[in-house]
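Read the structure below first, then the notes.
What you are looking at is a predicted structure, and each value in this text was computed from that prediction instead of being measured. All chains are named by letter (A, B, ...) in the order of the sequence lines, taking the proteins before the strands, and each is independently numbered beginning at 1.
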There are 2 protein chains.
Amino acid sequence: MAMGRPREFDADAALDQAMEVFWRNGYEGATIAQLTEAMGINPPSLYAAFGNKEGLLKAALDRYTAKRAAWMEQVLSAPTARDVAERMLMGTADSQTDPDNPPGCLLVQGGLACGTGSENVPFELAARRALTESQLRERFVRAKKEGDLKPAADAAALARYLSAVSAGMGVMASSGADREALRQVANVSVKVFEEQSAK
Amino acid sequence: MAMGRPREFDADAALDQAMEVFWRNGYEGATIAQLTEAMGINPPSLYAAFGNKEGLLKAALDRYTAKRAAWMEQVLSAPTARDVAERMLMGTADSQTDPDNPPGCLLVQGGLACGTGSENVPFELAARRALTESQLRERFVRAKKEGDLKPAADAAALARYLSAVSAGMGVMASSGADREALRQVANVSVKVFEEQSAK
DNA sequence: CCACATCTGTAGCGAACACTACAATTATGG
DNA sequence: CCATAATTGTAGTGTTCGCTACAGATGTGG
């Protein structure tokens, strides 16, 4: 049977553009007109490919996290919990002030509170942040087993702490904090892990 | 000369209601219809009293920060930098999970990224966050002079750090983190100040 | 008691929003 | 080469948005 006319745009390239619009304006601040213009397509193409605005956001979030997965692997492969924290926070400071991207983190800027009809957008972002946190928690559980975190250390609390600090850095970055300011925060934050290391 | 018909609603009580709507839905997510209903007034009364939606937000932010001023005094009056940090973060954990308020912090939830026409809303929130940070910085400068922070301590970096952590806690709280989780983060964060204390 | 100034409620303004009907287009399968 | 299936651009749809014109109401100053 017939297969239909093939789409003329690259879905991944279009998603990259949509991601940036959501990143810079937030979910509710991003309009379909802005999105379609950035993506270089017309509304019907958008709706055919992604369903609706929220579907487009989810696809953009998937792409966002997929792009960060390799970096996250690099972070988790650091030899000690302290080094994991340092790579995580320093990398966060750099990426959140990377001039190639909008400032901050899409998972924070995207929308912490939304109006009627978009109530589950904040939930969607939170779920993706939680994923990173659980990766960190598992890594710190391992660090305890391996003995580079002291036995009394609370892996879950440390993971939550890192998650909170990086979210906080995202808030700062979104309001114009520069790379140096974020690195200061990262440097201070890492000190906790030195105190939690096995002697 | 004549003085005109007096307004029939209490502006402060109405602002409290508006504050809660902005807090829960964000600036863009809050509609005039929701605001007027919560405030118990009609649109013309709102516009006569506050100018426009952004003016209402600013008035609500003023009231928000005014309400926190007394608490902030209490925080800054703690005897040592470490105690300042503890009071600040523990108080933040409690207030951000206070069932009488929406979760999180209005200065974070209100809107980190907004669409065309509301670009200075994020800036407005950031300016108020910066105020708290500078109060903390001055307090830590004093702590160095008084000798309870070691001479090598960086007051500005520590203030930024506290600001980042509390913003991060706000992000967590807005996505449903409970009081215990936030207190864990607070407890871990405070450890930095023990290491920065004079021996 | 009257002129005036301000507030209040009703009703609705133009603009922007997310989304879509429709016809033309472009490929595949037989 | 034809029937089918999917995409594309144009041009809208109805709804909701922030905001306001207007007329009646309610107070103050003279």
Side-chain angles (χ1 to χ4, degrees), chain A residues 1-15 17-19 21-22 24-60 110-111 113-122 124, chain B residues 1-15 17-19 21-22 24-60 110-111 113-122 124:
Chain A
M1 58 192 70
M3 294 292 276
R5 176 176 177 176
R7 79 164 47 118
E8 295 180 0
F9 66 95
D10 176 1
D12 283 340
L15 267 184
Q17 300 304 313
M19 194 175 79
V21 174
F22 281 132
R24 184 161 273 125
N25 300 98
Y27 177 75
E28 294 192 307
T31 69
I32 298 293
Q34 286 176 317
L35 289 164
T36 53
E37 180 178 354
M39 298 167 84
I41 62 178
N42 291 322
S45 298
L46 190 158
Y47 285 89
F50 303 105
N52 56 18
K53 190 182 177 184
E54 194 168 327
L56 176 61
L57 175 72
K58 287 185 189 174
C114 285
T116 313
S118 311
E119 295 91 348
N120 53 336
V121 165
E124 203 67 46
Chain B
M1 58 193 72
M3 294 292 276
R5 176 176 177 176
R7 80 164 45 118
E8 296 181 359
F9 65 96
D10 177 1
D12 282 339
L15 266 184
Q17 300 305 314
M19 195 175 80
V21 174
F22 281 132
R24 184 161 273 124
N25 300 99
Y27 177 76
E28 294 192 308
T31 69
I32 298 292
Q34 286 175 318
L35 289 164
T36 52
E37 180 178 353
M39 297 167 84
I41 62 178
N42 291 321
S45 298
L46 189 160
Y47 285 89
F50 304 104
N52 57 18
K53 190 181 177 186
E54 195 168 326
L56 176 61
L57 175 73
K58 287 185 189 172
C114 286
T116 314
S118 312
E119 294 91 350
N120 51 338
V121 165
E124 203 67 45

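- Residues of residues 24-55 of chain B that place a heavy atom closer than 4.0 Å to DNA chain C, in numerical order, are B:Asn42, B:Pro44, B:Ser45.
- Of the two residues contacting DNA chain C, namely B:Pro6 and B:Thr116, the nearest-nucleotide position lying further toward the 5' end is that of B:Pro6.
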I'd like a table of donor-acceptor pairs (distance under 3.5 Å, sequence neighbours excluded) in which one partner is a side-chain atom from residues 41-49 of chain A, with atom names and distances.
none

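- Between the CG atom of B:Leu57 and the P atom of D:dC19 there is a distance of 12 Å, given to the nearest Å.
- One can place CD of B:Glu8 at 8 Å from P of D:dG27, the figure rounded to the nearest angstrom.
- Evaluation of the salt bridge (charged side-chain N to carboxylate O under 4.0 Å, His left out) test over residues 3-14 of chain A, restricted to residues two or more places apart or in two chains, returns A:Arg5-A:Glu8, A:Asp12-A:Arg63.
- Scored by the side chain to side chain donor-acceptor pair (under 3.5 Å) test, B:Glu124 finds B:Arg128 as partners (sequence neighbours excluded).
- Residues in residues 25-54 of chain B take part in no salt bridge (charged side-chain N to carboxylate O under 4.0 Å, His left out) pair, two or more places apart or across chains.
- Separating the CZ atom of A:Arg5 from the C1' atom of D:dT7 is a distance of 5 Å, rounded to the nearest angstrom.
- A pairwise comparison of heavy atoms in A:Ala30 and A:Asn25 identifies N-CB, 3.9 Å as the closest pair.
- A donor-acceptor pair is defined here as one N or O able to donate and one able to accept, closer than 3.5 Å; such a pair exists between the side chain of A:Glu119 and the backbone of A:Gly117.
- D:dT28 atom P lies 9 Å from atom CE of B:Met3, rounded to whole Å.
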